[in-house]
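One structure below.
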Amino acid sequence: MRRKNLFVAALMVVVTVVGILRFQKETEVSDLVLANVEALASGQVENSLRCFNVWRKAPNTGLAFLERICSDCKAYWLLEASDRGDCNLSN
């Protein structure tokens, strides 16, 4: 009985540690997000946002990055992008 209790306790510790490590991995914040938060907090935000004029949207699967496109100033998941521009938010 004592071995069973010890096994259950060890199993609970392993499950807890794996859960904590997995949660921490999923909640990492990128440097870009931190820079954006700092800019918002310090009032450095202007009436325009950086965007891309040339881009290719990502399909529903695969590796992609979230960026704005200049044609409508909305953010999309993109596979590739180039030719930086500015979205004017005062319109």
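Values below: every heavy atom of this structure, side chains too, minus hydrogens, waters and symmetry copies.
Summarising the geometry, atom CG belonging to Leu78 is positioned 8.5 Å from atom NZ belonging to Lys57; distances are rounded to the nearest 0.5 Å. For the atom pair Leu49 CG and Lys74 NZ, the distance stands at 14.0 Å (nearest 0.5 Å). Atom-to-atom distance recorded for Asp83:CG and Trp55:CH2 is 13.0 Å, nearest 0.5 angstrom. With rounding to the nearest 0.5 Å, the separation of OH in Tyr76 from OG in Ser71 is 6.5 Å.
Cysteine sulfur proximity is not satisfied for Cys70 and Cys87, their SG distance being 2.5 angstrom or more.
Within the cation-pi definition used here (under 6.0 Å to the ring centroid, within 45° of the axis), Arg68 does not qualify as a partner of Phe52.
By the side-chain contact (heavy atoms from CB on, under 4.5 Å) test, Glu80 is found to be paired with Arg56, residues two or more places apart in sequence or in another chain being considered.
Between Arg84 and Asn53 the shortest side-chain heavy-atom distance does not fall below 4.5 Å.
Leu66 belongs to a hydrophobic cluster whose other members, connected by ILVMFWY side-chain contacts under 4.5 Å either directly or through intermediates, are Trp77.
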